[in-house]
Amino acid sequence: MPQPEWADFDAPCLAVFLRRCQIASEIKLETYPVEQAEIGLIGLGVMGANLALNIAEKGNKIAVFNRTTEVTKKFYAEAGALQGQIIPCETMEDFIAAIRPPRPIIIMIKAGEPVDQQMEQLKPYLSAGDIMIDAGNANFRDTMRRFESLKDSDLTFIGMGVSGGEEGARHGPSIMVGGTEESWKRVEKVLTSISAKFHGEPCVAWLGENGAGHFVKTIHNGIEYADMQMIAEIYGILRDGLGLDAGAIGDVFGKWNTGRLNSYLIEISEKVLKAKDPISGKPMVDMIVDAAGQKGTGKWSVIEAQNMGVAATAIEAAVAGRILSSQKKEREAAETIFGLPEGVAAPKDGMAFLADLENALLAAKIGAYAQGFAVMAAASKEYNWNLPMPTIAKIWRDGCIIRSQFLDEITSAFTKDPDAANLIVTPAFSKMVKETDGALRRVVSYAVMAGLPVPALSSALSYFDAYRRSRGTANLIQAQRDFFGAHGFDRVDGADKHHGPWGSGLADFK
Ligand code: 6PG
């Protein structure tokens, strides 16, 4: 076993070493020489522990701390061959001393108030240049506030979106970083080493100052909600319209996963549809209550879209879909009053309809992603982030929940035209929409006549129909507003007359 270079140890580092020997001997493990850690991590819950192991496995020394020391000990004891890369710490003093300054410290705990409390606890131990990194699913407004609160200090803050769940955290997540460029430089190497790679390209990037990383993660989740809702709506058509069982629907998704819809969400949909409940032997999905949970990121996406005046109708529909799903008792009561519609005959050409369903999902998905990117473009202006759209698409190609082949196509579209007004009008995507919008129209028509709810698919279709029509119907809304509130309107001939001849003297009012 290599011996510690005693001469290289400074006093705090030695203290950490001795402490670590104590922890290690308590759990009867061999000790290793300590060099300072490249990074620290607080919070060894599922995500924190997996991220820490990933960091260690990629050759980075990491110091870890958990409020409950038993958790730290257990984590270290189970780290196996990675123990040599991990410095388990029992006290905050040891933890801080174990990290090479300026110290990047990942905080991976429950979002919200606990993060503020953790930051307050940490602050007295930190010194100039140290970086607190919130890696949870934070509301970007909290991130902005935290960043701002440190503005006049010599400490700094990174808001870091991490996507990919437990598996991603352990083996390669997609990482969205917001903070100063200087703080990014300090963590770039470690984060690049642990991120997912798409054909060798790391799925991590610095996206801008303060809340940029958490904002982009929020929109990632908003798109995730829309993607999942649309897949569930197609599942509903296959189950309740065409009468397919779970396994058969799994087969359909499995086939689609080899085509243009190839994505992680379609892949896992096939897997969950084919899984059997070990208790009843029935398909697992048939035993799950149809009430979806949500922790807030979808709702935040919608709120921020509304705040900035961006139409994100498919994402809104997905959030509303989850809300309605959770009102299980009310839905049961309503079904006893209204019953279910009689339905319509399934389309005669089953194969053609399956192709329509596949294309409809693609068309609607384009709408949802176009909306998500439009929200980010607006936020980029609003908060002066200069968000790099091609880079965002790039780092979502692997590691994250919405990873897909499709995101590689979005990367190309935005690389060619980074300032495109909307993804839909880029050459590659306008071609795709032209090829698939007819299918979406047929599928939505069928679902409407069959009484099957398709809020996200139909929202995406209406969004497209509204977006592509140069003469809409808001002229009537403007006339109504002018009628009852003298709000005025623009004229199509550009003439200087801004009120209508509604009577009651308004016509003469200029
Ligand atoms: C990810 C996921 C992850 C998590 C969300 C989903 O990107 O890894 O989005 O962040 O699954 O918290 O949250 P809901 O509970 O709101 O669906």
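As the structure lists them, so they are numbered: ligands from 1, and atoms in each ligand from 1. Worth knowing before you read on, the calculation uses all heavy atoms, side chains too, and leaves out hydrogens, waters and symmetry mates.
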Check whether more than 12 heavy atoms from other residues, nucleotides or ligands sit under 6.0 Å from atom NZ of Lys416, and answer yes or no.
-> no

Within a radius of less than 6.0 Å around CD of Glu435, do more than 12 heavy atoms belonging to other residues, nucleotides or ligands occur?
-> yes

Protein residues that have a heavy atom under 4.0 Å from any atom of ligand 1, sorted by chain and number | Asn137, Ser163, Gly164, Gly165, Lys217, His220, Asn221, Glu224, Tyr225, Gln294, Lys295, Arg322, Ile401

Nearest non-hydrogen partners of Leu51 and Pro173, listed with the distance | CD1-CG, 4.3 Å

Does Asp130 reach the main-chain N or O of Arg103 with its side chain, forming a donor-acceptor pair under 3.5 Å?
-> yes

Going by atom types only, do Thr436 and Asn359 share a side-chain donor-acceptor pair under 3.5 Å?
-> no

Within a reach of under 6.0 Å around CG of Asn386, are more than 12 heavy atoms found that belong to other residues, nucleotides or ligands?
-> no

